[in-house]
Amino acid sequence: MTKAFIFLGPPGCGKGTQTELLAKELKLPHIDTGSLLRKNIKEGTNIGLIAKGFIDKGQLVPLNVVSTVIKNRLKEADCSFGYILDGFPRSLEQALSLDNILDELNGNIKKEDIEAIYFDIPNEVLVERLVNRRSCPKCGKIYNLLTNAPKNEGKCDDCNVDLIQRKDDTKETAMLRFETYEKETKPLLEFYTNRGNLKKINADQSINAVWNDLLKTIKIKETV
Ligand code: AMP
């Protein structure tokens, strides 16, 4: 199977959790631009220095920066037979840039192999999800204090290290991120619908129910 999955949906819709699961199930790399950018910030790279100001304001990092990050990642050998993109593309110009990158790389994955999955969820539940989100700085596992709490308060179930809250998971920055999503990312739904490769999932359900729907939607059992 040669496949590139992209996941679309507002901040807090649960795509991070599901893309992690799917990556393990399909044994494909999970490429999350938000995490890649945060890693650059932590390491103090030039990319990180540019990205920080935009992330803190809930805005999209400029196209040339994210496209460079993605292109470099997609060139790596583990991406030859597929990958799961989480958080990219996030605007029409990024979707077109992804097409160009795939043309340029001229590898196994072509733009026709892209399958877009949209996580549909009402806005009302999202702020609550975001402000209660915590993650493990070591393994990246995502928790929610209300719906998916760690077994020991404040500690990762797997690594036992202290969980962290992302700086942009405050109510104020979350509102700015929703605005950015509405303006920049939502038009992608029409873009991929017109190409005939957008599938929709009801993301306002438990993690298990969304996972089951995801497996059915991408007919994973027949394709793996
Ligand atoms: P996320 O972890 O996906 O919620 O992303 C956190 C932040 O990283 C976003 O609010 C943006 O500032 C930035 N970011 C992540 N992915 C992208 C992208 N594809 N394009 C531009 N900025 C991005």
Side-chain angles (χ1 to χ4, degrees), residues 4-20 22-23 29-43 45-74 83-102 114 116-119 121 123 125-137 139-144 163-189 191-192 203:
F5 293 100
I6 63 176
F7 281 75
L8 305 172
C13 69
K15 54 187 168 29
T17 304
Q18 299 292 333
T19 46
E20 280 282 355
L22 189 63
H30 173 227
I31 302 170
D32 161 11
T33 38
S35 297
L36 289 174
L37 293 168
R38 284 188 289 277
K39 185 166 174 267
N40 273 278
I41 293 175
K42 211 169 156 190
E43 290 168 357
T45 66
N46 281 342
I47 283 183
L49 286 177
I50 301 170
K52 190 175 182 319
F54 292 92
I55 292 180
D56 288 349
K57 284 187 260 170
Q59 295 170 352
L60 293 187
V61 172
L63 176 69
N64 61 335
V65 177
V66 272
S67 293
T68 304
V69 169
I70 280 289
K71 189 171 175 187
N72 287 339
R73 183 66 187 88
L74 297 187
Y83 35 81
I84 292 163
L85 291 183
D86 174 4
F88 184 92
R90 242 170 156 117
S91 64
L92 275 178
E93 60 174 10
Q94 289 185 13
L96 296 171
S97 168
L98 177 61
D99 287 351
N100 288 335
I101 290 172
L102 295 179
I114 296 175
I117 317 277
Y118 167 48
F119 274 30
I121 187 158
N123 285 342
V125 296
L126 293 171
V127 177
E128 184 146 310
R129 278 195 183 193
L130 283 179
V131 296
N132 285 295
R133 175 160 70 180
R134 300 290 181 276
S135 61
C136 172
C139 71
K141 191 166 175 179
I142 300 164
Y143 297 86
N144 183 289
L163 298 179
I164 53 167
Q165 179 177 25
R166 277 171 46 176
K167 284 207 183 75
D168 60 348
D169 274 348
T170 59
K171 194 166 177 190
E172 295 68 32
T173 315
M175 299 316 286
L176 298 172
R177 289 160 67 203
F178 292 139
E179 273 174 36
T180 304
Y181 171 79
E182 288 292 325
K183 191 165 145 243
E184 306 278 357
T185 313
K186 256 204 158 162
L188 283 184
L189 302 181
F191 178 83
Y192 286 110

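Whatever order the structure lists them in is the order used to number ligands and atoms, beginning at 1. Position 1 is the first residue of the sequence, and the numbers go up from there. Note that these values count all heavy atoms, side chains included, but never hydrogens, waters or copies made by symmetry.
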| task | Compare all side-chain heavy atoms of I31 with those of F88 and state whether any distance is below 4.5 angstrom. | result | no
| message | Strictly below 4.0 Å, N to O, side chains only: are R177 and D169 in salt-bridge contact? | response | yes
Check: residues 7-19 side-chain donor-acceptor pairs under 3.5 Å, at least two apart:
{"from": "Q18", "atom 1": "NE2", "to": "I207", "atom 2": "O", "distance (Å)": "3.1"}
{"from": "T19", "atom 1": "OG1", "to": "K15", "atom 2": "O", "distance (Å)": "2.6"}
{"from": "T19", "atom 1": "OG1", "to": "G16", "atom 2": "O", "distance (Å)": "3.1"}
{"from": "T19", "atom 1": "OG1", "to": "H30", "atom 2": "NE2", "distance (Å)": "2.9"}
{"from": "T19", "atom 1": "OG1", "to": "D86", "atom 2": "OD2", "distance (Å)": "3.0"}

| query | Hey, is CD on E184 packed in by over 12 heavy atoms from elsewhere, all under 6.0 Å? | reply | yes
| field | Set of residues that line ligand 1, where lining means a heavy atom lies under 4.0 Å from it | value | T33, G34, L37, R38, I55, Q59, L60, V61, V66, G87, F88, R90, Q94, R166, D168, R177
Side-chain donor-acceptor pairs of residues 62-71 under 3.5 Å, sequence neighbours excluded:
{"from": "S67", "atom 1": "OG", "to": "L63", "atom 2": "O", "distance (Å)": "2.9"}
{"from": "S67", "atom 1": "OG", "to": "S97", "atom 2": "OG", "distance (Å)": "2.9"}
{"from": "T68", "atom 1": "OG1", "to": "N64", "atom 2": "O", "distance (Å)": "2.6"}
{"from": "K71", "atom 1": "NZ", "to": "E104", "atom 2": "OE1", "distance (Å)": "2.4"}

| field | Partners meeting salt bridge (charged side-chain N to carboxylate O under 4.0 Å, His left out) with K39 (sequence neighbours left out) | value | E43
